[in-house]
S.K.: 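Let me give you the structure first, and then I'll get to my questions.
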Amino acid sequence: MSPVVSTIDTRCKRCFSCIRLCPAKAIKFENGQAKVIVERCIACGNCIQVCPQHAKRVRDGIARSNELLRDHHPVFAILAPSFAAAFASVTPEQVIAGIKLLGFDQVWEAAFGADLIMEEYARIHQTGVLPTMITSPCPAIVNYIEKYHPHLTMVLAPIVSPMIAVGRAIKWKFCPSAAVVFIGPCVAKKKEMEDEQVLGVIDEVLTFNELQTMFQENQIELNLLDPADFDGPRADRGRVFPLSGGLFECSDADHDILNREVLVSEGRDRVLEVLQKVDKGDIEARFLDLLFCRGCIHGPMMANDESVYVRRDRLVNYIYSKQDAKRQEQAKNDRAEYADLNLKRGFSILDLRSTQPNEEDIREILQRTGKWQPEDELNCGACGYPSCREKAIAVYQGLAEAEMCLPYMLDKTEKIQNKLAASNRKIKKSLLSLKMAQEQLIQSEKMASVGKLAAGVAHELNNPLGGILLFTNILLKKLEHSNDADALKKIANEAERCRHIVQGLLDFSRQSRFDCKPNDIHKLIDSTLKIVIEQPLFQSLALKKEFAAGLGPVFVDHLQIQQVLLNLFMNAAEAMQGRGELLVKTGSAKNNHFVLVSVCDSGPGMSKMTMNHIFDPFFTTKPVGRGTGLGLAIVYGIMRQHGGDIRVESQLGKGSQFTMFIPTAN
Ligand code: ADP
Ligand code: MG
């Protein structure tokens with residue numbers, strides 16, 4: 001048979017409510033799902049009631065009941081007395097009529113079974129054979145004792161439940177060929193019917209919820225039905241059985257609150273506590289009536305959401321409506337008819353008590369979730385266990401997973417998040433440097449092709465320019481005193497200017513020869529500064545130097561590097577229009593293989609577009625006649641020819657910084 005209670009995997013959202021509230025620790029957290037461990041489950045139905053996702057399913061009883069109604073004859077229903085509290089806005093008699101309309105041949109009162117077993121309880125109690133007796137009509141209690149307090153089965157009353165009593169009354173006395181379906185609010189009854197001690201008495205169990213579904217499926221509207229009455233023997237005080245303490249109510253036991261012989265307890269926590277105390281011998285009472293629910297009217301399958309008090313009122317009204325001397329007399333006679341019915345049963349010792357870990361095991365498990373000190377144990381209960389220790393024990397017993405610890409997981413998530421963020425930053429950084437490397441590659445390719453063009457042009461212009469200059473000077477000498485001398489001088493000057501430009505192009509395109517030697521970079525900077533400092537453009541500038549100590553010599557053609565510095569200083573001063581701060585910094589990079597020289601200004605900075613073109617020959621933003629656009633192209637050519645580099649950073653409105661990477665003599 002399939003398990004009575006199971007988890008609907010797709011619905012379980014790992015809230016741990018079921019784990020927290022399962023009295024039998026029968027729910028295991030596995031692969032992200034709270035799974036019911038069939039052999040540990042006592043079918044109390046707690047998990048069904050507490051699961052906010054409705055992720056627990058109860059084994060279906062409708063299909064088999066329909067099958068019986070279709071293929072078997074006769075089929076009897078046994079109706080739990082709490083039915084009077086389960087169906088609102090219809091009379092109890094209409095519910096009975098509805099059950100008959102479903103096809104049940106007879107509907108018997110389970111309360112009659114309660115009357116029968118009460119007499120049996122009284123008999124055992126009076127004989128005093130059991131010094132302490134735990135009542136056994138609640139199948140969840142029976143299951144719990146068999147599994148988790150096995151030696152208490154000795155004191156469990158060896159009496160069947162009202163359901164089995166009536167089942168036996170039908171099958172053993174009244175109609176042996178009948179199939180019997182029990183209908184009630186209890187999930188554990190589904191497990192009880194397959195208990196080998198009472199097997200074969202009940203053929204199927206329907207919950208009130210399932211009964212309601214069957215009414216709907218068969219389009220039975222209870223409120224339109226004529227009332228119908230129970231069949232079979234009449235019940236009497238057994239109808240109070242679904243109320244907590246009902247068993248005593250229908251017995252002749254002493255109800256005095258000071259009666260130490262009797263203890264009535266209901267609800268998961270209290271019952272577990274009582275059983276533990278009985279186990280230890282701490283409880284004196286001789287008669288213990290225990291129920292997992294707050295009476296059967298609080299059962300998990302009551303088919304309505306009303307409070308237990310409303311249900312109680314409805315049941316009490318029903319009981320009063322059925323109580324009169326004539327009915328009581330009839331019930332007494334009916335009981336007498338079944339007086340010889342065997343109401344005994346035995347119990348199985350299943351013993352599922354789990355092995356307990358030792359202190360060392362517990363500590364090891366606690367440490368797996370970062371609990372090294374007692375103060376690390378927060379005992380927050382979010383995992384479903386009352387304390388970190390109890391959860392560690394459950395982990396040891398294979399019922400829980402160490403990772404179920406919420407604070408630990410939050411901590412872990414935070415760490416993972418931080419790691420992710422760090423690696424994200426790394427990726428972004430490498431993407432950025434990749435982009436920069438790409439840009440540099442594009443730039444150097446561009447410069448290489450522009451360089452070739454410039455070299456070609458410069459080379460072709462150089463010779464004719466030399467000719468123009470030579471012949472202009474010859475003519476000038478001859479006509480020194482004539483009226484044409486001025487024009488010739490102009491030709492000579494302009495030709496000289498052209499030669500200057502051509503020389504710049506050659507410098508840029510690396511056509512000039514370099515004479516590299518070890519040089520002190522600070523001296524080179526100072527000597528270049530000396531040249532410019534006298535110029536009017538530098539007069540009002542604040543000049544600052546931040547020279548790094550201990551820099552080795554650079555391996556350069558000193559004239560060329562001075563040219564670079566000169567161009568950078570001039571550009572900075574021009575950008576600042578003679579006002580601002582010029583800072584020259586030095587440092588080293590790449591394991592001292594390069595010396596860095598940064599020329600920083602507090603000028604207007606450059607736009608992205610300007611930055612993209614500054615090293616292009618003839619790119620200038622200065623007015624015609626003021627700039628040639630060759631300065632930085634030359635800088636670029638010289639630096640590359642030295643095996644170095646030049647980089648620029650700039651912010652609009654804040655200034656620019658050019659950094660030379662100069663190879664050292666190392
Ligand atoms: P030129 O100085 O003849 O214009 P350059 O090649 O030296 O040619 O400079 C090219 C352009 O780069 C300049 O016109 C200017 O727009 C820009 N530039 C160079 N240095 C700076 C600087 N320090 N601040 C702002 N812009 C600059
Ligand atoms: Mg310039």
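Computed from a predicted structure; not experimentally measured. Counting starts at 1 for both ligands and their atoms, in listed order.
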S.K.: Is the closest side-chain donor-acceptor distance between K371 and T369 under 3.5 Å?
M.R.: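 T369 and K371 do have a side-chain donor-acceptor pair below 3.5 Å.
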
S.K.: Does ligand 1 have a heavy atom under 4.0 Å from the side chain of D601, from its backbone, from both, or from neither?
M.R.: side chain

S.K.: Yes or no: does G603 have any heavy atom under 4.0 Å from an atom of ligand 1?
M.R.: no

S.K.: Is the closest N or O pair between A633 and ligand 1 shorter than 3.5 Å?
M.R.: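 Not met; the criterion fails.
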
S.K.: Would you check whether N567 reaches within less than 4.0 Å of ligand 1, judged by its heavy atoms?
M.R.: no

S.K.: Would you say the side chain of F618 lies within less than 4.5 Å of the side chain of T628, judging by non-hydrogen atoms?
M.R.: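 Answer no - side chains too far apart.
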
S.K.: Cationic tip of R647 within the cone over F661's six-membered ring, i.e. under 6.0 Å and within 45° of the normal?
M.R.: yes

S.K.: Counting only heavy atoms closer than 4.0 Å, does ligand 1 sit against the backbone of F615, its side chain, both, or neither?
M.R.: neither

S.K.: Return yes when at least one N/O/S atom of N571 is nearer than 2.8 Å to the Mg ion (ligand 2), and no when none is.
M.R.: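 Given the 2.8 Å cut-off, N571 counts as a ligand of the Mg ion (ligand 2).
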
S.K.: Tell me: protein heavy atom nearest atom 10 (C) of ligand 1, and distance?
M.R.: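 Checking every protein heavy atom, the shortest distance to atom 10 (C) of ligand 1 gives F619 O, 3.3 Å.
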
S.K.: Give yes if a backbone or side-chain nitrogen or oxygen of T610 is under 3.5 Å from a nitrogen or oxygen of ligand 1, and no if not.
M.R.: no

S.K.: How about CD on E30, more than 12 heavy atoms from neighbouring residues, nucleotides or ligands closer than 6.0 Å, or not?
M.R.: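 Check passes, neighbour count above 12.
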
S.K.: Based purely on interatomic distance, does G629 place a nitrogen or oxygen under 3.5 Å from a nitrogen or oxygen of ligand 1?
M.R.: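 Between G629 and ligand 1, an N or O pair is found under 3.5 Å apart.
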
S.K.: Among all protein heavy atoms, pick out the one at the shortest distance from atom 18 (N) of ligand 1; state its residue, atom name and that distance to 0.1 Å.
M.R.: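 Minimum-distance protein heavy atom for atom 18 (N) of ligand 1 reads M606 SD, 4.2 Å.
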
S.K.: Around atom 14 (O) of ligand 1, find the nearest protein heavy atom and jot down its residue, atom name and distance.
M.R.: T621 N, 2.9 Å

